[in-house]
Amino acid sequence: MGAGREASISLDGVRDKNVMQLKKLNTALFPVRYNDKYYADALASGDFTKLAYYNDICVGSIACRLEKKEGGAIRVYIMTLGVLAPYRGLGVGTRLLNHVLDLCAKQNISEIYLHVQTNNEDAINFYKKFGFEITETIHNYYTNISPPDCYVLTKFVSQPQAKK
């Protein structure tokens with residue numbers, strides 16, 4: 001290939017016409033089925049939800065929901081981030097997460113969080129590399145999967161300093 005791995009990863013927005021790609025990925029990646037609200041939230045988040053392509057093959061996605069906190073501040077909830085197994089370790093997940101972290105910084109969004117099943121050590125370690133910390137444990141969060149417990153991982157994004 002010669003051009004380096006990064007050059008072959010591209011991101012694309014999720015729209016009505018390609019939301020089926022997100023549905024197919026989620027079916028392959030996750031042990032739970034997502035409802036219509038999930039897809040409505042993903043579409044409503046705009047640039048915060050992306051499909052990832054590796055050499056033009058759709059191999060991963062990140063889907064976020066924007067939430068208003070008390071006082072009006074926005075925080076980002078990562079509903080899902082996943083990459084198909086054969087394409088893990090190639091920088092696809094890193095590219096997806098960095099995209100969202102960069103958007104947070106640019107839009108002055110200081111908090112981003114997600115839920116991870118307590119036994120998903122690969123995911124926990126992945127997020128910790130980006131400065132996420134376990135901030136809470138929720139027992140019996142998941143239904144129909146074992147273990148049912150999850151961790152809440154949170155990252156507070158530092159804002160670019162205003163020029164004085």
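What you see is a predicted model; the values in this text were computed from it and never measured.
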Asker: Measuring only between side-chain heavy atoms, which start at C-beta, is Thr94 closer than 4.5 Å to Phe126?
Answerer: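 They are in contact (side-chain heavy atoms under 4.5 Å apart), so the answer is yes.
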Asker: May I ask you to test the Val59-Tyr53 pair for a side-chain heavy-atom distance under 4.5 Å?
Answerer: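 No, their side chains stay 4.5 Å or more apart.
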Asker: How long is the gap from OG on Ser110 to CZ on Phe156, to the nearest 0.5 Å?
Answerer: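 So the gap between those two atoms works out to 7.0 Å.
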Asker: To the nearest 0.5 Å, what is the distance between CG on Leu51 and CG on Leu96?
Answerer: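 It comes to 8.5 Å.
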Asker: In sequence, state the C-alpha distance, the side-chain angles, and the governing distance for Cys64 and Tyr77, and then conclude on side-chain contact (heavy atoms from CB on, under 4.5 Å).
Answerer: CA-CA 5 Å; Cys64 298; Tyr77 174 61; over 6 Å; no
Asker: Check whether the side chains of Tyr113 and Glu67 place a donor and an acceptor atom closer than 3.5 Å, and report yes or no.
Answerer: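 Indeed, the side chains of Tyr113 and Glu67 share at least one donor-acceptor pair under 3.5 Å.
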Asker: Could I get the full list of side-chain contact (heavy atoms from CB on, under 4.5 Å) partners for Lys69, not counting sequence neighbours?
Answerer: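 With neighbours one apart ignored, the set is Ala73, Arg75, Glu111.
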Asker: Please say whether more than 12 non-hydrogen atoms of neighbouring residues, nucleotides or ligands are located less than 6.0 Å from CG in Asp36.
Answerer: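 Count not over threshold, so no.
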Asker: Arg15: what forms a side-chain contact (heavy atoms from CB on, under 4.5 Å) with it, not counting sequence neighbours?
Answerer: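 Applying side-chain contact (heavy atoms from CB on, under 4.5 Å) to Arg15 gives Asp12, Lys17, Asn18.
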Asker: Could you check whether any side-chain N or O of Arg88 sits under 3.5 Å from a backbone N or O of Val83, counting only pairs where one atom can act as donor and the other as acceptor?
Answerer: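 Flag set: sc Arg88 to bb Val83 pair under 3.5 Å.
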Asker: Side chain to side chain donor-acceptor pair (under 3.5 Å) with Thr49: which residues, sequence neighbours excluded?
Answerer: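 So Thr49 forms a side chain to side chain donor-acceptor pair (under 3.5 Å) with Ser45.
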Asker: Suppose the criterion is ring pair (Phe, Tyr, Trp, His ring centres under 6.0 Å): which pairs have a residue in residues 93-112, not counting sequence neighbours?
Answerer: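 Pairs touching residues 93-112 that pass the test: none.
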Asker: Looking at residues at least two apart in the chain, or sitting in another chain, which of them share a side chain to side chain donor-acceptor pair (under 3.5 Å) with Tyr141?
Answerer: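 Per chain and number, Tyr141 pairs via side chain to side chain donor-acceptor pair (under 3.5 Å) with His115.
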Asker: Nearest 0.5 angstrom please: Tyr87 OH to Asn55 CG, how far?
Answerer: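 Result: 8.0 Å between the selected atoms.
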Asker: Quick one: list whatever passes ring-ring contact (aromatic ring centres under 6.0 Å, His included) with Phe48, sequence neighbours left out.
Answerer: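 Partners of Phe48 under the ring-ring contact (aromatic ring centres under 6.0 Å, His included) test: none.
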Asker: At their closest point, which heavy atom of Val157 faces which heavy atom of Ile109, and how far apart are they?
Answerer: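 It is CB-O, 3.7 Å.
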Asker: Kindly state each residue pair satisfying salt bridge (charged side-chain N to carboxylate O under 4.0 Å, His left out) with at least one member in residues 48-63, sequence neighbours excluded.
Answerer: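 Found Asp47-Lys50.
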Asker: Any salt bridge between Lys37 and Asp41, counting N to O under 4.0 Å?
Answerer: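 Asp41 and Lys37: salt-bridged.
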Asker: Indicate yes or no for a side-chain donor-acceptor contact from Asn125 to the backbone of Glu121 under 3.5 Å, with no hydrogens or angles considered.
Answerer: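 Judged by distance alone, yes, a pair lies under 3.5 Å.
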Asker: Which donor-acceptor pairs under 3.5 Å do side chains of residues 128-135 form with protein atoms, sequence neighbours excluded?
Answerer:
{"unit_1": "Thr135", "atom_1": "OG1", "unit_2": "Val152", "atom_2": "O", "d": "3.3"}
{"unit_1": "Thr135", "atom_1": "OG1", "unit_2": "Thr154", "atom_2": "OG1", "d": "2.9"}

Asker: Would you say the side chain of Ile138 lies within less than 4.5 Å of the side chain of Asp149, judging by non-hydrogen atoms?
Answerer: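 With C-beta onward as the side chain, the pair stays apart.
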Asker: Who passes side-chain contact (heavy atoms from CB on, under 4.5 Å) against Pro147, sequence neighbours left out?
Answerer: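 Here the qualifying residues are Gln117, Thr118, Asn119.
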Asker: Mind checking what makes side-chain contact (heavy atoms from CB on, under 4.5 Å) contact with Lys68, not counting sequence neighbours?
Answerer: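 Listed in chain order: Ile74.
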Asker: Compile the donor-acceptor pairs under 3.5 Å between side chains in residues 19-26 and protein atoms, sequence neighbours left out, one pair per line.
Answerer:
{"unit_1": "Asn26", "atom_1": "ND2", "unit_2": "Tyr38", "atom_2": "OH", "d": "3.0"}
{"unit_1": "Asn26", "atom_1": "ND2", "unit_2": "Tyr39", "atom_2": "OH", "d": "3.2"}

Asker: Restricting to non-hydrogen atoms, name the atom on Ala28 and the atom on Leu84 that form the minimum distance, rounded to 0.1 Å.
Answerer: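 The answer is CB-CD2, 4.0 Å.
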Asker: To the nearest 0.5 Å, what is the distance between CD1 (Ile78) and CG (Leu97)?
Answerer: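 Result: 5.0 Å between the selected atoms.
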Asker: Going through the distances and angles, do Ile112 and Leu101 end up as a side-chain contact (heavy atoms from CB on, under 4.5 Å)?
Answerer: CA-CA 8 Å; Ile112 183 166; Leu101 293 174; 4.1 Å; yes
Asker: If you take all heavy atoms of Leu114 and Tyr127, which pair is closest and at what distance?
Answerer: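 Taking every non-hydrogen atom into account, CD1-CE1, 3.4 Å.
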